[in-house]
Amino acid sequence: MNPSISFFYFLSFLTILSALMVVISKNPIHSVLYLILTFFSISGHYILLNAQFIAAVNIIVYAGAIMVLFLFVIMFLNLKQDQADSKANLTKIAATIVGGTVFVILFGAYRKTTLPAVDTANYNSQVGMIENLGHLLFKEYLLPFELISILLLIAMIGAVMLGKREIGERHF
Amino acid sequence: MKEVTIAEAPQGHSGSGFFATSFDEAIGLARSYSLWPLPFATSCCGIEFMATMGAHYDISRFGSERPSFSPRQADLLMVMGTIAKKMAPVVKQVYLQMAEPRWVLAVGACASSGGIFDSYSVLQGIDRIIPVDVYVPGCPPRPEQIIDGLMQIQHLAQNEKLRRRNTDEYQELLASYNIQ
Amino acid sequence: MQLTNRSKQVSNKEMTLMERAYLPAIATGLGITIKHFFSKKVTIQYPEVKRYLGPVFRGRHILKRDADGRERCTACGLCAVACPAEAISMVAAEREKGEENLYREEKYAAVYEVNMLRCIFCGLCEEACPKQAVYLRHDEFVPVFTDRDQVIWGKDLLVEDMNNRYTREAWTKEEALALDIKRANGEPTNVTPRAVP
Amino acid sequence: MELTVFIIKSITILVVFALTLVIAMYSTWGERKVAGFIQDREGPNRAGWGGLLQPLADAGKMFFKEDFIPAMASKWLFIAGPSLAMLTALLASAVIPFGSTVRFNGVEVPLQGVESNIGILYVFGVVALGVYGIMVGGWASNNKFSLLGAIRAASQNISYEIAMGLSLIAVLMMSSSLSLGEIVSQQHGGNWNIFYQPLGFIIFLTCSFAECNRVPFDLPECETELVGGYHTEYGSMKLGFYLFAEYINMFISSAIISTLYFGGYNYPGMDWVYTQLTSALGTGMGHNIATLIGTAVFFGKAIFFIFFYMWVRWTIPRFRYDQLMNLGWKKLIPLAVINIILTAAGILFLRPLIDQILN
Amino acid sequence: MADIELLPHQVPANAELPELVEELTTLNLGPTHPATHGIFQNILKMDGEKIVSGEQTIGYIHRAFEKIAERRPYYQITTLTDRMNYCSSPINNLGWHMTMEKFLEVQVPKRAQYIRVIMMELARISDHIICNSILGVDTGAFTGFLYVMQKREEIYEIYEEVCGARLTTNMGRLGGMERDLSHTAVQKIKDFIKTFPPVLRELEKLLNRNRIFMDRTIKVGAISTERALSYGFTGPNLRATGLDYDVRVMNPYSSYEDFEFDIPVGQHGDTYDRYMVRNEEMWQSLKIVEQAINNLPEGPYYADAPEYYLPPKDEVYNSMEALIYHFKIVMGEIDAPAGEIYHAVEGGNGELGFYMISDGGRAPYRLHFRRPSFIYYQAYPEMCKGSSLSDAILTMSSLNVIAGELDA
Amino acid sequence: MLSNQEVAEELLGKFGSQVFDFEEPYGLLTLSTTREEILTVLEFIKEHNHFQISFLTDLTGVQYPDKTGQEFMVVYHLHSFVHNFRIRIKVSIPEADIHIPTVTGLWESANWMERETYDFYGILFDGHPNLKRILNIEEMDYFPMRKEYPLEDATREDKIDALFGR
């Protein structure tokens, strides 16, 4: 096995393990930290795919910003006291059923798909590099890119409007 | 990084070896030049402490200018000013929160002995509740005297064996103040 | 409301455009601090360099002897009464025959103790003493203590050593004032520190 | 050949690492000295000559201080906090180009830990993670002051990262590369970015103050409000790690500022020096010495910015939490956007115009 | 966050909302918090970073001044007043002496009065230096503090020249001063007048018009004149609200009527106003010192009142009469009439009053100190309500609450 | 300017025999009233259109253990900034019934001053919003400023009264 393959297996193991720990951990803070670890190992996968830009952005955006906000909210809500709460058995059963169903669907879908074979000879290893990505985004797909940014802008404004507190409401 | 434990010397071999002694000395020196004080300033002596921190006397020459208001980070509790009976539990609490090794400097007449306030509300010296290493007389002491006190503490720190804080005598001393 | 005609409005809260922009004020501040960075330092290297504490500084106590080496204290107790900290205590004794070279008066203090941790160095004892016996030295402090047992100073520490007498330029307020006037007028003073007359 | 490169690379990385640590260590001494000098006093001068052993004394004391974990604290996270802070602080120095290249047996090895085409993004990623150390530690302490400090740190770092990134985009637009080595070499010959990006530089500088939690943005640990902020409950070497991480961060951001805006290892007249050296000492030796001079210049710039951080710290008051947020979101971000637009206009219209005139 | 109190959220009665609970954090500010420069505790109910309500606990250095004063002869009470507002102890000492002089109807010579004015104004400067520079420290600007502290050190040198101690000066005697101003002291005071303005200007440049500082202090901890009066504010804190009440002008004592000075007032009684008023008061004090030192009258420095003022040492040794007076004064057996008196001086923080009842004994029958800090500090919760923690700390340090004066 | 005469006459005219013991020690108008009238007297001079004696300078207690039936006294010092006029009002209360109405409704500043007086003397101010000890520890079971209690800390050991001194 060459080093990158073994590294791939190691990363996959780490990803799945930490993803499981996210679900299993009782303490929400621990969950968040495991989630961050998951993002890291996913970034590792990106690097293996020679997509360094995506890897960096994944860390900056998800691990660096969004998860900080998660942690922030959890710290503020102070869920530490509630960790002993026992979920009702019904909830557990329902969760198992839903989860199981999703798993079955995914598995079925996976079985139906045939993965395209990679043409190793003609494969451009630089496709994930940032220059190529830039060309794609700002030349070929300029319109969809701009539309998406407008969409995000609208979403952001909407979130601000929703989150804006009225006078007299509680504030952080 | 628990309290460093050095293996017990073999029986029949008294006194610490050369290495242990010079190591003790090195750490003692390090500690003495990095005494971060917790200024527990309640009254007049606190104002003199400001002068000690100030440009003229400059306590930072001794490496002690970083006042740690959190007891966890402090090495030296400087009790400056009157400690009333209402305040006494707080002083003791702060002392308990400090991590070993810790030293206590009672600055001024009030902290050392109550001074002129021989009244119903004032604690007659903080050594009734916590062990004090050095007393600085004066009401308030001049900055020079506070520096003298600090240097005395430095002297104590330099000559202290690493193991002192684990000895029975030290535990007894603490026990006599109902600590631990 | 205005009560007098002397009031003066001092606070102006309107900011100019320059002040709004943060940076000019910060630059001014940085200018001031960098000027100090290169200026002369005022620090006194204390244990090596000692500051002159002024002619009337109230340092540690001393019990004076007279020129013949006799103790001046007559154990009248005025200093103990004047002490707001109740730090002075004494036991009086009658002078025996043959002790005239030791004590100047018929009565003397057999025990004279000052609790140095209680003392607040207010100088009232010095003022109260009618026999010029107790003084607060202007050139020495009480040293720091490491033990509670050291803090009560008896006569062994307080009484002046004849080989190393405590001297001052002026002993009374009047003397000090006269000396000061002379100095101010530029007259030659030639005062050497001396023991109590 | 591979082996020589590997050895040189390892030595470079080790040296870079050691230098970072030593500089951070002596920054603590420098901070106390600078504070002293600015405040008309001496600063530490008893431990060793001029107090030079002061960092060692601090370290020795901290190592042998009783290690303490508060009873109510979450034990593992309490330990993880300072470790994370230290880790993320040290990671960033890997991509900074400290000098041009050294020639060794005809092999050119850049003085840079890792040359990466996304260097600046890597730095950003690492910096973005820096806040975890503070947040985790502050939360794990189970102390209200620590928690407030942690929360302030989190929101402050996230907010200022945005402005920081936006101000950088202008630089990246000019250099059209994300590689730090590339950005530096483009600034060769007095072509420093500071001359083209003064506004961006000021925004970047401000944000770097905020990212390092330095005055005027030291709210997470401001002494008079939150005692020690997130590290209130920390003692011994864990506190040492936090303080150390702060100084490493300071060094890293100084290094990045000099890389991005002040030409890195470039200095005026370096070509002349280079030709003189190579003609005097030969291409190999002369080149290496010229590189070393460049590295020294780089460190000089970085140390100046460390000094600048300290200078500012001992001069101005700090912001209040909401004012800090207002400054970040309502002033710096719009300014950064304006800066981007101006730069874009400059690149699109001004540069061809100048080129036309020159030709 | 160990202890959290859940309070029902105040929901409008007609609103159909699910029951909300509001989490209030209790933050214990003090007694050993670095910003509570003296020692007092503020228990703040916080909603995030906003303060909902606060309650203070004081008395952490209660030393029973009033009880001790009932046991001490009149001349020993200075050792208590020294330690009351220790930032400006000469004002307290001399205020007490003036009370006694008024009570015993002793006429103090003009020279002594001028020396007292000089000392009191220097004390006011040192008091305000501490308050204003500590406000700077609390906003994070530490350096200005150390610049002006160097000048405070010079004030202490002047004290030392005059009375022999730095902080707890035990200054003045019943009937005058304990000694005349020496030539060195005069020289030092003149030097101080020359060298202080540049340093104070530096502090002003560092803070006054710095936007960060202005933003931090403007509209922080504001109080209106009416509320301030109701809360018993006096001194710079009252003047910051715009009312020019100053004991030195309203009821001049110790020849204050001879001097030209203005009463600085602010606009809204916020932290910036308090800062600016104190700042300007330093300039005014400097002006007074300058006038006093330049017009220092010649003459004796103590009153001709042998039954109250200790005779010169030489006379004690030689004259029987002087010796008797000496013993009587030291033993505290002075002939004080029965009666009561209230006398106020303008202390560093406001009207410092001495209410004394005598029954003719050697010590006061009852001595009550009107301590300005004690009275105005109760307004603190109202002043910091609704502001953030940072504001509350600035409000506290701009109020200049001196623990010794607060708890007595 | 207000004169003592003017104020005294106005008060006598309004309250008659409820205000008594007029004195002028060191020029400060001093008068006594009863605890039933104290609130109305204070309110009257505070709200008086001309006097405007609206600033409560000081409030404190005094104990006279020998005056049976009037063991305690509460002293109010008031000040009119407009006229620069000070007035002192005293109220005597017996130890057996140690109550007096609070003036916290008129001045906020009275709050702590009354608490202090309670702490020192045990005088109960009826209607006070938060009458508890302020300077001393809550556990204290006596009122330390009363003359019968000693000043000294009873636990002090290093003091030898047998020696010279006090």
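Every chain is numbered from 1 and lettered A, B, ... according to where its sequence line falls, protein lines coming before strand lines. Heavy-atom basis, side chains included; hydrogens, waters and symmetry copies ignored. Source: prediction; values computed, not measured.
- Here the straight-line distance linking atom CG of D/Leu56 with atom OG of B/Ser34 works out to 11.0 Å at 0.5 Å rounding.
- What you find for B/Ala55 and D/Asp40 is that their closest heavy atoms are CB-O, 3.6 Å.
- For the atom pair NZ of D/Lys33 and OG of B/Ser60, the computed distance is 7.5 Å after rounding to the nearest 0.5 Å.
- Contact of B/Ser64 with chain D is made through the backbone alone, with heavy-atom distances under 4.5 Å.
- Residues B/Pro101 and D/Phe64 come closest through the heavy atom pair CD-O, 4.0 Å.
- Nearest heavy-atom pair across D/Lys61 and B/Ala30 is N-CB, 4.1 Å.
- Between D/Thr232 and B/Gln73 the shortest heavy-atom distance is O-NE2, 3.7 Å.
- Between the side chain of D/Lys65 and the backbone N or O of B/Arg102 there is no donor-acceptor pair closer than 3.5 Å.
- In terms of the side-chain hydrogen bond (donor to acceptor under 3.5 Å, both in side chains) criterion, D/Trp29 has no residue partners (sequence neighbours excluded).
- For chain D, no part of B/Ala26 is nearby; none of its heavy atoms comes within less than 4.5 Å.
- With a threshold of 4.5 angstrom between heavy atoms, D/Ile79 does not approach chain B through any atom at all.
- Proximity to chain B involves both the backbone and the side chain of D/Glu42, based on heavy atoms less than 4.5 angstrom apart.
- Closest non-hydrogen pair, B/Ile27 versus D/Gly60, comes out as CD1-O, 4.3 Å.
- Not counting sequence neighbours, the partners of D/Tyr234 by the ring pair (Phe, Tyr, Trp, His ring centres under 6.0 Å) test are D/Phe78, D/Tyr242.
- Heavy atoms from other residues, nucleotides or ligands lying under 6.0 Å from CZ of D/Phe17 number 12 at most.
- Distance CG/B/Asp75 to CD/D/Glu66: 12.0 Å, rounded to 0.5 Å.
- The main-chain N or O of B/Gly63 is found under 3.5 Å from a side-chain atom of D/Arg32 such that the two form a donor-acceptor pair.
- One finds the CE atom of B/Met151 at 6.5 Å from the CZ atom of D/Arg46 (value rounded to the nearest 0.5 Å).
- Taken to the nearest 0.5 Å, the CZ atom of B/Arg61 stands 12.5 Å off from the CD atom of D/Gln54.
- Distance alone, capped at 3.5 Å, places no donor-acceptor pair between the B/Gln97 side chain and the D/Glu233 backbone.
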